[in-house]
Amino acid sequence: MDIAAPHPVKQLSGNYLLSVAVFSVLYYLFAKFGLWIAPFVHGSVSAIWPASGLAIAVLVLFGKRYWPGILLGAFGASFDMVPDPIAMIFGVGDSLAALSALWLLNHTGAFRPRLDRVSAVVKFTILAAPLSALISALIGTAGLMYGDLLPVNKWFSALTVWWFGDMMGSLVVAPALMVCYANRMRRPSRASLIEMLVLLTVMVLVIGATHNPWLGTVSFDPQFMLLFPFVVWAALRLGLVGTAITVLAGSALAVALVLGEAKLNGVLVPYVVVANLQILLAIMSVPGLLIAAALTEHKYAENKFEKLARFDGLTGLSNRAALLDELEAAVAYAERRGTEVALLFMDLDRFKNINDTLGHAMGDKLLQEFALRIRNNVRQEDFVARLGGDEFTVLLNGGSATQSAAAVAQKILDSMRLPVMLQGHEYVVSGSIGIAVFNGAVSSKMKTGDHPSSTQELMRQADTAMYRAKRQGSGFMYFNINMDSNSKLQLRLENSLRRALESQEFELYYQAKVGAASGRIVGCEALIRWRHPTHGLIKPDKFIEVIESIGLMIPVGAWVLREACRQMQHWQQQGLPLQRVAVNLSMRQFLQADLLAVVDEALADSQLDASYLELEITESVAMSNARQTIETMNALKQRGVHISIDDFGTGYSSLSYLTRFPIDAVKIDRSFIHDLSSSSDAAAIVTATIRLAHAMNLSVVAEGVETEQQRDFLLKYGCDVLQGYLYSRPIPPDEYAVLMRVGSL
Ligand code: C2E
Ligand code: MG
Ligand code: MG
């Protein structure tokens with residue numbers, strides 16, 4: 001956060017002057033304490049200088065404009081001991097030291113006074129504290145020499161005492177002030193407060209009990225090593241505030257025992273002992289703060305990781321893991337209170353097509369847009385998550401979740417149907433929603449059948465209901481138990497289909513196409529059959545969609561192409577009449593990137609001439625992406641492959657669109673042929689189609705011709721090719737070979 005620089009007039013406001021005054025008094029007291037407890041060089045230098053820590057902390061926390069407080073405080077503390085100009089030099093030196101510390105901290109990246117990053121601790125303890133202390137020591141000792149108060153041969157020891165004294169003050173006092181101030185809003189838990197008190201008490205007792213009053217005053221007392229475990233304990237358990245306070249308390253204890261006691265007894269403490277004390281306290285502070293910062297940093301990283309682990313990066317909604325937790329809690333609550341939980345499962349219809357044709361970037365945009373629409377159509381307390389792909393869920397709690405679920409589902413579906421702008425085009429995408437309900441009022445004994453007994457069950461039910469809704473194109477659906485038996489069947493079907501290709505259970509049947517005028521067989525259509533080991537022969541309307549949905553269409557389609565081409569070539573080699581075989585292509589197949597490679601391979605493997613291959617593409621497929629369709633069709637045409645539009649009349653394409661496609665034939669959908677005798681509309685459509693197709697130089701095939709009346713009608717209006725049970729059903733290859741020999745039907 002950027003804080004605006006204070007207004008110049010405000011800088012000199014009463015508030016500011018008062019703050020500086022208070023600060024200077026505090027600095028004076030800290031300094032006087034140091035000078036009292038560890039005087040050096042006739043009392044004007046101190047080996048313990050807590051005031052430097054106060055100075056740095058105040059400038060870091062409140063800004064550099066408070067520096068005059070240091071000048072006044074330092075001057076005030078020493079003007080009775082040294083001549084005024086020298087006291088002034090001390091003040092300037094101390095101010096410059098604190099200002100340089102601030103400068104160093106802020107000019108090496110942003111500084112966090114919370115010290116909750118290892119980098120912040122390193123910057124402070126290894127860079128700012130030693131360097132700023134050195135500045136004050138250099139200026140201070142130079143002042144003393146200038147006033148002839150320090151002999152040259154004593155300069156170096158005075159410099160080090162001053163330097164380490166200041167550094168120690170910075171390392172011990174400043175972290176405690178900064179960390180406590182920065183965390184003042186966070187109340188520690190009762191448990192950690194108690195732990196802190198126990199730790200400090202034990203520390204005082206242990207250090208006090210092991211203290212050797214005679215040793216401490218004459219040489220370095222090794223018992224102070226015992227401070228380390230306490231600091232490490234604080235760092236591991238009590239965070240930065242606890243650590244900084246323990247370091248401060250431990251230092252105060254050591255200073256009191258060594259220097260305070262000597263002072264009260266009127267004993268002079270040798271310089272070595274003071275120096276050792278300074279070093280001990282400095283190095284006690286650094287590792288303690290580093291460990292605490294490293295642990296805090298680790299915790300931050302973990303939190304961040306946890307956040308990442310619970311949110312969906314693309315949409316910002318919760319993810320599956322978060323949903324499962326939420327669902328668990330919601331179900332437990334509903335069980336206790338006898339309320340309901342409704343789970344809505346939704347996905348976008350044909351999202352995969354959009355992703356495949358427009359690219360993933362556009363797919364992502366679409367998902368973000370829908371995430372927003374879903375979020376906007378539920379209440380704040382409803383839980384929305386994205387499970388992955390184009391699957392979203394909404395969790396509704398409360399007394400009448402069941403009823404509101406339908407309303408919410410409808411609202412979401414309505415909002416989804418509004419067009420989305422992608423790459424300058426409007427797209428309309430629909431969705432399907434499945435709803436499953438958990439009722440906490442139903443006793444657990446009754447939780448069988450329709451009623452889910454676990455969150456996983458609830459998820460599965462909602463998923464099943466969604467698939468059902470999608471199948472029936474009905475928007476949203478509540479789960480019911482009948483769906484379950486169906487979906488088990490479905491699962492079994494999927495599993496056996498996955499094995500079918502490998503176990504060579506697919507076969508091709510062939511259905512003759514007959515020249516309307518001649519009555520002779522002009523070609524055939526290859527139609528897939530599945531010979532199931534136990535259920536026998538299964539027709540494609542039972543499994544083609546499933547194959548598509550489980551992603552097997554591409555390999556199965558490639559097999560059909562290869563097999564049809566191989567069979568044709570085989571018949572041609574046997575001397576059977578040359579004719580064309582038509583192969584059906586599914587939407588997925590037609591839009592697949594390497595369709596041309598698959599066709600080329602099938603032709604090359606079988607050595608079949610491309611002109612004997614025809615591809616039937618259903619109208620809806622052709623229309624879904626006209627530009628790509630035209631490109632693919634052109635490439636196929638160049639190879640000599642024929643193309644026809646299958647199930648013509650069932651899509652919404654205009655005939656004018658058809659003129660843009662390089663096709664050879666249209667196959668009028670069998671529903672129109674079926675209705676010829678009963679519906680004048682069907683008759684009108686058929687005749688119009690024949691006329692228009694002929695005008696465009698396209699050949700017309702009628703499929704599903706079952707009766708002579710139908711044949712007569714089609715003949716009368718000039719349909720070119722007929723296909724249907726009237727002539728032949730789709731039959732196995734050996735039977736079809738016999739038909740071909742005969743040649744006419
Ligand atoms: P389609 O391409 O429109 O195939 C014509 C369907 O009409 C065939 O059904 C055929 O048996 C049936 N049929 C032919 N004459 C008559 C008739 O006189 N009356 C009636 N009621 N039906 C007739 P089938 O074999 O069940 O195939 C259904 C659909 O499955 C096909 O429709 C086609 O879209 C798809 N299909 C079949 N084989 C393949 C394949 O290898 N790949 C792909 N992608 N789809 C295939
Ligand atoms: Mg067909
Ligand atoms: Mg058809």
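Every number for a ligand or one of its atoms is a count from 1 in the order of the listing.
Using bins of under 30°, 30° to 60° and over 60° for the plane-to-plane angle, the ring pair Phe506/Trp530 lands in the tilted bin. Classified by interplanar angle (parallel below 30°, tilted 30° to 60°, perpendicular above 60°), the ring pair Tyr478/Phe476 is perpendicular.
At least one N or O atom of Ile528 sits closer than 3.5 Å to an N or O atom of ligand 1. Taking any N or O of Asn584, backbone or side chain, at least one lies under 3.5 Å from an N or O belonging to ligand 1. Taking distance alone, with nitrogen or oxygen atoms compared against 3.5 Å, Lys539 stays at or beyond that limit from ligand 1.
The option with the heavy atom closest to atom 41 (O) of ligand 1, from among Ile544, Val560, Val705, is Val560. Across Pro540, Ala526, Gly704, heavy-atom proximity to atom 24 (P) of ligand 1 is greatest for Pro540. Considering each of Glu703, Arg670, Glu706, the one bringing a non-hydrogen atom nearest atom 6 (C) of ligand 1 is Arg670.
Using modelled atom types, one finds a donor on one side chain and an acceptor on the other under 3.5 Å when comparing Ser430 with Asp349. A donor and an acceptor atom, one from each side chain of Asp414 and Gln410, are located under 3.5 Å apart.
Within the listing of ligand 1, atoms 44 (N) sit less than 4.0 angstrom from a heavy atom of Met553. Counting atoms of ligand 1 from 1 in the listed order, those under 4.0 Å from a heavy atom of Gln589 are 44 (N). The ligand atoms of ligand 1 that sit less than 4.0 angstrom from a heavy atom of Ser586 are 44 (N).
Residue Gln511 touches ligand 1 through its side chain alone, judged by heavy-atom distances below 4.0 Å. Contacts between Pro730 and ligand 1 below 4.0 angstrom, taking non-hydrogen atoms only, involve the side chain exclusively. Of all the heavy atoms of Asp647, the ones lying under 4.0 Å from any atom of ligand 1 belong exclusively to the side chain.
For Glu525, the N, O or S atom closest to the Mg ion (ligand 2) goes by the atom name OE2.
The Mg ion (ligand 2) lies at 2.8 Å or more from every N, O or S atom belonging to Thr618. The Mg ion (ligand 2) has no N, O or S atom of Glu703 under 2.8 Å away, backbone or side chain. With 2.8 Å as the limit, Asp646 counts as an N, O or S neighbour of the Mg ion (ligand 2).
Within the 4.0 Å heavy-atom cutoff, Glu525 counts among the residues contacting ligand 1. For Lys667, the heavy-atom gap to ligand 1 stays at 4.0 angstrom or more. Residue contacts with ligand 1: Arg729 is excluded, as none of its non-hydrogen atoms falls under 4.0 Å.
Between atom CZ of residue Phe370 and atom CG of residue Asp347 there is a gap of 11.5 Å, rounded to the nearest 0.5 Å. To the nearest 0.5 angstrom, Arg711 atom CZ is 14.0 Å from Leu676 atom CG. Atoms CD and CG, from Glu703 and Asp669 in turn, are 5.5 Å apart once rounded to the nearest 0.5 Å.
At least one donor-acceptor pair closer than 3.5 Å links the side chain of Arg386 to the backbone N or O of Gly389.
In this structure, OE1 of Glu616 and OD1 of Asn584 enclose an angle of 90° at the Mg ion (ligand 2), rounded to 10°.
Ion pairing of Glu494 with Arg498 is present here, as a side-chain N (NZ or NE/NH1/NH2) and a carboxylate O approach within less than 4.0 Å.
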- Message: Between Ser679 and Asp681, is the side chain to side chain donor-acceptor pair (under 3.5 Å) condition met? List the steps.
- Response: CA-CA 5 Å; Ser679 144; Asp681 280 354; 5.0 Å; no
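Applying the ring pair (Phe, Tyr, Trp, His ring centres under 6.0 Å) criterion to Phe311, with sequence neighbours excluded, gives no partner residue.
Counting only residues at least two apart or on different chains, the side-chain hydrogen bond (donor to acceptor under 3.5 Å, both in side chains) pairs with a member in residues 726-745 are Gln579-Tyr736.
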